[in-house]
Every structure is written in structure tokens, then in C-alpha cells.
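Report on the following structure.
Please read these numbers as outputs of a predicted model, since none were measured by experiment. Indexing begins at 1, ligand by ligand and atom by atom, following the structure's order.
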Amino acid sequence: MDDKLMLMIPGPTPVPEQVLRALAKHPIGHRSGDFSKIIAEVTEGLKWLHQTQNDVLILAASGTGAMEAGIINFLSPGDRVLVGNNGKFGERWAKICEVYGLNVQQITAEWGKSLDTEAFRTVLEADTAKEIKAVIVTHSETSTGVLNDLETINRHVKAHGALIIVDAVTSLGATNVPIDAWGLDVVASGSQKGFMLPPGLGFVAVSPKAWEAYATAKMPRFYLDLGKYRKEAAKNSHPFTPPVNMYYALQVSLEMMKKEGLENIFARHQRHMNATRAAMKALNLPLFAADQAASPAITAIAPVNVDAEQIRASIKKRFDIIMAGGQDHLKGKIFRIGHLGFVSDRDILTAVGALEATLQELNYEGSTAGAGVAAAAKVLQGS
Ligand SMILES: *Cc1c(COP(=O)(O)O)cnc(C)c1O
């Protein structure tokens with residue numbers, strides 16, 4: 001049906017109407033006093049959201065641009081780095097590092113499993129010469145719905161002294177990422193995920209220790225030179241022409257997030273994850289990630305005896321709900337339900353109900369009609 005599209009993918013995520021309306025305003029000059037005020041306001045809001053006093057810099061880039069900035073500003077060609085890779089986005093970190101001539105060592109885990117924190121400890125403790133300059137980790141691995149144990153990995157990194165560089169693209173604004181309390185050095189994210197915004201902005205939080213590394217880092221950089229952004233941000237300005245309308249939108253979404261409160265936002269994502277997982281169990285649909293490794297942003301499901309792409313196609317056609325598929329070797333094997341950002345209890349019930357109806361149509365064996373919605377509703381009402 002026209003205009004009824006519902007996004008249940010892990011980005012772009014749904015955008016509130018008040019945010020959409022903010023986007024429709026006339027752009028103003030990016031060197032004007034009025035725009036400086038907006039920069040000041042959103043920068044304060046971003047620090048609140050990131051739980052940090054560090055710089056949080058705003059880029060006109062997707063999340064990958066923010067990731068790339070997180071590498072090229074703090075490292076030099078030939079530097080040894082340790083990269084966690086248990087999915088598409090961990091793999092992307094490794095690729096970025098290789099392109100820039102870093103000496104990459106990977107700690108891998110099977111897709112769907114979380115990274116082994118002890119493997120990090122072993123490698124870091126063995127590096128007594130302190131050759132490893134940075135440890136690079138994806139917090140929420142969107143391709144598989146796995147949340148890596150960043151807190152523990154970070155503790156091992158702190159004991160070693162390397163920089164910790166984090167892809168928090170689908171964990172920021174979904175679960176606790178206390179940058180200052182944990183001492184995270186570089187944290188990258190993007191607007192189309194937990195921020196309730198369309199795609200277009202990337203964010204990088206940078207610690208004082210990372211700025212020290214910046215001073216001696218030798219990779220070439222121009223547009224993504226974060227030093228330029230820091231210098232201009234100090235004057236409530238931006239080095240280039242930023243997407244002015246996205247700043248209006250960011251102003252509104254940050255206001256909405258402040259109103260809800262961080263604790264409530266995290267609790268909502270946790271509840272939606274629990275409700276979705278309970279529904280899948282009730283429907284006899286195997287979950288791809290184990291309970292203790294589950295991401296609060298996205299749930300991956302590995303149906304048996306039915307092609308995941310067929311489920312997706314059917315839900316899209318019948319119900320105008322878009323779910324995500326599997327990537328690479330998981331295509332057709334899994335589908336993923338995004339519950340990140342502007343998602344309410346009602347959305348979860350709708351998605352689960354539509355999935356049930358689809359399973360019935362496809363004669364999926366072992367699922368009882370109504371069982372998924374009942375299980376989700378029970379979690380959502382908190383009993
Ligand atoms: C979406 C996403 C990114 C960034 O992807 P872009 O398409 O460049 O915005 C990076 N990491 C993770 C874990 C993601 O989910």
C-alpha cells in the first residue's frame with residue numbers, strides 16, 4: 001500500500017515526523033551566527049548521548065567515513081593493529097586497515113558467535129614490546145546480531161596501553177557505551193542508526209590520548225582530517241559546508257532522546273530485543289546468536305526448511321514491512337529484524353504478527369499461530 005512502508009532493518013531506521021519536518025526547512029548559511037548556535041547545541045547534545053567530555057566531531061559521511069576517519073587520524077603506515085572480526089563490519093575494519101598499509105592481526109570468530117575476550121588478552125599480554133598501537137572492535141556486529149563484550153576487551157586493552165577504536169554504529173543509542181567511564185579512545189557512529197535520522201552524518205568521539213597519537217600519525221588525510229574539525233568545532237564552526245538541514249534534524253532527534261532519557265532508551269531496546277527473541281522461540285524459529293551474545297539493535301533468525309529470502313519477500317509484498325537479509329554466505333540462510341532507534345512496542349507486535357501470518361502462508365512447520373505475538377506481548381507488558 002502506498003506510503004505504508006515500515007522499516008525493520010538496522011539502518012536506515014524509521015524517522016519521526018518532527019525530525020522529517022525539520023529537514024524540510026530552508027537551509028541557512030553555514031557561517032552564520034544562527035548556525036553556530038545550532039552547532040553549539042548539537043555538540044552538547046552529542047556529548048550527552050556519548051556520555052563523554054571528549055570531542056565529538058560531526059562529519060558529512062556515512063558510518064564507514066567515520067570509521068575511516070578513526071583509522072587515518074591516529075595511525076601511521078606499518079603500525080601494528082589488532083582487529084576483531086566476527087562479521088561483515090569487523091571484516092570492513094580489517095579491509096580499511098589493510099588499504100592504509102597497517103600491519104593487521106585479526107582475532108576472528110565464526111559469524112554468529114561473539115569475539116573471545118581471552119584471545120585479546122593473550123595477544124596483548126604477549127606484546128611486551130608494545131608494538132600494537134590500536135585494538136579495533138565492532139561493538140554490535142549488525143550482520144549477525146551479535147553484541148561483542150566491549151567492556152572486557154577494553155579492560156585488556158587498557159592493561160596494555162594501546163588505543164581502543166570502536167565501531168559503535170549500532171550500539172550507540174541502543175545500549176550503554178559510557179565512553180568516559182570506560183576510557184574509549186575513538187568511537188565511530190552514523191546518523192541512520194540509533195540517532196533516528198536519515199543517512200548522511202557520521203560522528204567520531206576522540207579522547208585526549210587519541211589526540212596525542214594524532215600529533216605523530218602520518219597517514220595522508222584531507223577531508224577526513226579530524227584536526228580541522230576539532231579546530232573549527234572549538235569556534236562552533238565546521239571546516240567545510242555541512243548538510244545544514246541534517247543539523248536541524250539532529251537538533252530535534254537529540255531533544256527527543258533527552259526527553260526519553262538514556263536509561264529509558266536502553267531499557268526500550270532491551271525490551272524489544274527480549275520480546276523479539278521470545279516471539280521467535282515461541283514460533284520455533286532458531287535464533288542465530290545466543291542469548292548472552294544478542295545485540296539490542298537487531299535480531300538475526302536462521303529458519304530451517306524455508307528460504308529466509310522467501311520470508312522477507314513475502315512480508316514485504318503482503319505487509320510492506322522491510323526486514324534485512326543475510327550478507328555474503330548467510331544470504332538466504334538468515335533474515336534480520338532491526339529494532340533500533342525510533343521503534344515502539346507496537347512496531348514489535350506488528351512485525352511479529354506479520355511474520356506469523358507469513359509463516360502460515362508458507363506452511364512453516366511447528367509454528368502455532370498467535371504464539372509469537374502472545375510471547376512478545378508478555379515480555380512487553382513486563383510479566
Ligand atoms: C551501518 C553500519 C556501519 C556503517 O555503514 P554505512 O553504510 O557506511 O553507514 C558500520 N558498522 C556497523 C556495525 C553498521 O551497522
Query - Residue shell around ligand 1, heavy atom under 4.0 angstrom - result: S62, G63, T64, M67, F89, R92, T138, S140, T142, D167, V169, T170, Q192, K193
Query - Salt-bridge criterion met for R121 and E118 (N-O under 4.0 Å) - result: yes
Query raised in the report: Quick one: do D345 and R271 make a salt bridge, cutoff under 4.0 Å?
Result: yes
May I ask you to decide if the ring planes of [X] and [Y] are parallel, tilted or perpendicular, using 30° and 60° as cut-offs?
X    : Y    : value
F203 : F195 : parallel
Y247 : H238 : perpendicular
Y229 : Y223 : perpendicular

Requested in this report: Give a yes-or-no answer on whether the side chains of Q51 and N176 include a donor-acceptor pair shorter than 3.5 Å.
Outcome: yes
